[in-house]
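Convention: sequence-line order gives letters A, B, ...; per-chain numbering from 1.
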Amino acid sequence: MCWKRPQRHASVDSSLGSGLTDIQGPVLQGDAVTPGELLTEAHQVLLKIIKHYQEEGQGSEVVQGVLLGLVVEDRLEITNCFPFPQHTEDDADFDEVQYQMEMMRSLRHVNIDHLHVGWYQSTYYGSFVSRALLDSQFSYQHAIEESVVLIYDPIKTAQGSLSLKAYRLTPKLMEICKEKDFTPEGLKKANIGFEHMFEEVPILIKNSHLINALMWDLEDKSTVADKHELLNLSSSNHLEKSLQLLMDRVDDMSQDIVKYNTYSRNQSKQQQQKHQYVQRRQQENTQRQSRGEPPLPEEDTSKMFKPPQPPPRMDTLLIAGQINNYCQNVKEFTSQNLGKLFMAEALQGHN
Amino acid sequence: MTPIAGAQQRRSISPPPQKKPKTTSMQLRVNRGRAQHRAWRYTCQPKTAARRHSLSLSKMSVYGPVVKIHPVVLASICDSYERRNEGASRVIGTLLGTIDKHSIEVTNCFSVPHNESEDEVAVDMEFAKNMYDLHKRVSPTEVIIGWYATGFDITEHSVLIHEYYSREATNPIHLTMDTALQSGKMSIRAYVSAQMGVPGKTVGVMFTPLTVKYVYYDTERIGVDLLQRTRVLPNRTKGLTSDLSQVGGSAARVQDMLTTMLAYIDDVLSGKVAADNSVGRFLMDLVNKVPTISAEDFENMLNSNINDLLMVTYLSNLTQAQIALNEKLVLL
């Protein structure tokens with residue numbers, strides 16, 4: 001038995017370097033980035049992300065992967081994804097790039113969209129606002145303006161409702177990251193608050209007709225009863241964990257605030273000292289002049305009093321954003337639970 | 001002449017037929033007069049009569065491991081079918097998963113480019129190996145357990161491809177999925193190959209069906225749920241709802257189920273439908289599940305829970321106000 005190799009495999013396609021420029025082409029030709037809607041071919045991306053977390057990410061840190069798709073008018077369509085291996089070996093960096101290239105090359109052969117449009121990450125109770133995420137997202141968005149990061153919350157999903165959110169950095173934040181100017185003055189200039197860091201992009205799920213047929217088939221065959229996890233009343237565990245994380249963040253925040261306060265206090269003290277020094281100098285000078293002596297040279301005050309280092313404000317911003325996220329999650333959770341409690345009350349028949 | 005049902009149940013080689021079998025159940029086809037460097041290819045293809053038999057067979061107990069499929073695999077197959085090249089009538093690919101004592105769990109798959117024409121099949125083996133290596137880096141526990149093909153039939157080419165895969169994995173399974181919806185349903189079937197025929201003379205390969213089950217992880221179930229809700233909408237799109245509306249939706253579904261049950265109970269009471277004892281027992285279970293707690297105890301529990309939740313809401317609002325204030329103060 002002999003196998004004939006198909007012709008198209010003979011020559012490896014042009015390197016993916018040119019492929020990347022292809023990506024930039026169609027995106028930048030259009031208008032500036034509009035926060036368009038996101039479309040996912042859910043049957044693929046969704047299930048793959050869920051599966052990836054389920055198999056590889058039990059209890060450990062985040063699982064990550066790459067999203068592939070197309071930019072269509074003002075929408076971003078995500079049609080496929082593939083996961084990243086965990087960082088277990090030392091030479092993870094080199095492995096990753098090569099892995100990505102290999103994957104994308106192979107996927108091109110089977111007609112799967114191989115354009116990078118973003119990445120996904122799983123999160124633990126909503127704690128994903130971190131420096132690492134910011135950096136990664138910035139580098140992605142720098143290359144491809146429309147790219148997003150999909151945050152998948154497995155714990156919330158296990159409680160009954162799929163929790164998948166798409167975020168993009170606001171243009172303001174992109175500016176700041178580009179200049180790497182994280183001092184308070186820089187941030188004040190940009191007038192950015194923690195609410196303006198990420199913008200959420202709405203997700204729409206679209207299925208093809210074939211998938212619909214598959215769904216009908218599955219519904220037929222599957223004998224597992226509909227699980228009503230969402231109506232589960234036991235909530236204290238989840239609430240506890242969330243509150244604990246919130247408390248940790250708030251502690252961090254308060255430390256940061258203390259640092260900033262000491263800095264500003266030092267700064268004002270220094271200003272005062274400078275002022276005093278200059279005044280004393282002037283006084284002495286007038287005294288000397290009255291006595292007929294040459295005045296002392298004006299010394300460079302800035303060299304004498306070194307201004308204190310302004311603490312970088314980026315971390316504060318991130319912590320504030322994270323706290324905000326936690327609070328939002330907690331509020332969502334409590335509203336759901338209140339609803340459930342009232343339903344339980346109705347069931348008991350009391351008023 | 002052994003009847004077809006018996007042959008498909010027993011894996012052993014059936015006794016040599018006295019004469020060429022007249023029944024249309026099996027047909028040995030020998031490839032004639034091709035180029036010298038091609039070896040003989042023997043195929044066995046159950047014809048239509050046997051197909052009807054095999055359909056009824058799927059209700060009988062089949063011998064072999066149970067195949068458990070995750071929905072992600074089926075979705076990927078559908079997707080690669082939609083993206084097939086021009087002129088290709090079907091898509092094939094590799095199945096990855098884990099093998100257990102009595103079951104095979106299929107958890108992942110990827111499609112493999114292949115060319116198919118009247119008399120030959122070409123599969124890109126390099127590609128398959130590469131992809132498998134890449135996948136192995138992410139999930140090292142997955143192994144090649146078989147391959148899939150879209151389409152209803154098992155063709156001659158399937159035999160060849162199956163042989164290739166039996167080099168990669170011990171006893172590979174073959175999954176077919178009818179994406180063309182020939183019989184009105186997307187029949188998803190799994191097979192294992194078995195040798196049959198006369199040893200030394202005419203040998204053939206037979207595909208015996210296996211039972212197929214669908215398994216989900218919990219979170220997968222919820223994902224599939226969401227997908228199933230999109231199928232009823234005319235334009236097939238759906239946004240992800242948020243917090244309280246989800247509880248509302250879930251409650252509405254429970255309400256629907258309750259109405260169905262109430263309708264059934266009414267029918268039984270008015271005598272339209274015969275009463276079923278087991279259903280009655282389930283109903284009694286259901287009613288007894290609502291715990292009977294004294295009114296004040298329940299009031300206390302309810303109130304304390306509500307207090308907790310309200311306090312937490314208040315605290316989170318306070319924190320948010322605090323950080324907003326802090327923000328503004330810094331910017332002053």
Check: Between I323(B) and N324(A), which heavy-atom pair has the shortest distance, and what is it?
Finding: CD1-N, 4.0 Å

Next item on the list: State the CD-CD1 distance between Q320(B) and I323(A), to the nearest 0.5 angstrom.
Entry: 10.0 Å

Note to self: Using every non-hydrogen atom in the two residues, find where E345(A) and F298(B) come nearest and quote the distance to one decimal.
What the structure shows: CA-CE2, 3.7 Å

Item checked: Non-hydrogen side-chain atoms of R105(A) and N130(B) separated by less than 4.5 Å -> no

Checklist line | chain B contacts, top residue of G65(A), G339(A), P83(A) (heavy-atom pairs, under 4.5 Å) | finding: P83(A)

Notebook entry, point to check: In Å, rounded to the nearest 0.5 Å, how long is the span from OH of Y99(A) to CG of D133(B)?
Noted result: 11.0 Å

Checklist line | Which atom of L338(A) lies closest to which atom of L309(B), heavy atoms considered | finding: N-CD1, 3.8 Å

Item checked: Segment of H70(B) engaging chain A (4.5 angstrom heavy-atom cut-off) -> neither

Margin query: Suppose we screen for side-chain contact (heavy atoms from CB on, under 4.5 Å). Which residues come up paired with L318(A), at least two apart in sequence or across chains?
Written below: V129(A), R131(A), L134(A), M197(A), D315(A)

Next item on the list: Go through the atoms of I257(A) and report whether side chain, backbone, both or neither lie under 4.5 Å from a heavy atom of chain B.
Entry: side chain

Note to self: Between Q322(B) and chain A, with a heavy-atom cut-off of 4.5 Å, which part of the residue counts as in contact: side chain, backbone, both or neither?
What the structure shows: neither

Notebook entry, point to check: Which pair of non-hydrogen atoms, one from S316(B) and one from C327(A), has the smallest distance, and what is that distance?
Noted result: O-SG, 3.5 Å

Next item on the list: List for me each residue that meets side-chain contact (heavy atoms from CB on, under 4.5 Å) alongside M311(B), sequence neighbours excluded, and say none if there are none.
Entry: L315(B)

Margin query: So for Y81(B), is it side chain, backbone, both, or neither that comes closer than 4.5 Å to the heavy atoms of chain A?
Written below: side chain

Notebook entry, point to check: Which atom pair, heavy atoms only, marks the closest approach of L341(A) to L302(B)?
Noted result: O-CD1, 3.6 Å

Margin query: Please classify the contact of F342(A) with chain B as side chain, backbone, both or neither, using a heavy-atom distance under 4.5 Å.
Written below: side chain

Notebook entry, point to check: Looking at CZ of R137(B) and CE of M103(A), how far apart are the two atoms once the value is rounded to the nearest 0.5 Å?
Noted result: 9.5 Å

Next item on the list: Using non-hydrogen atoms and a 4.5 Å limit, figure out which bit of T141(B) sits close to chain A: side chain, backbone, both or neither.
Entry: neither

Check: Has K51(A) got more than 12 heavy atoms of other residues, nucleotides or ligands less than 6.0 Å from its NZ?
Finding: yes

Next item on the list: Count the heavy-atom pairs under 4.5 Å between each of I306(B), V91(B), V212(B), L310(B) and chain A, then report the option with the highest count.
Entry: I306(B)

Next item on the list: First locate atom CG of N80(A), then atom CZ of R83(B), and finally report the distance between them rounded to the nearest 0.5 Å.
Entry: 6.5 Å

Check: In terms of heavy-atom proximity below 4.5 Å to chain B, should I49(A) be classed as side chain, backbone, both, or neither?
Finding: neither

Item checked: Which portion of M177(B) sits near chain A, non-hydrogen atoms under 4.5 angstrom -> side chain

Next item on the list: Return the option, out of N108(B), V112(B), D308(B), with the maximum number of heavy-atom pairs under 4.5 Å with chain A.
Entry: N108(B)

Notebook entry, point to check: Could you state the interatomic distance from CG (L134(B)) to CD (Q100(A)), rounded to the nearest 0.5 Å?
Noted result: 11.5 Å

Notebook entry, point to check: Can you say whether S111(B) sits under 4.5 Å from chain A via the side chain, the backbone, both, or neither, judging by heavy atoms?
Noted result: both

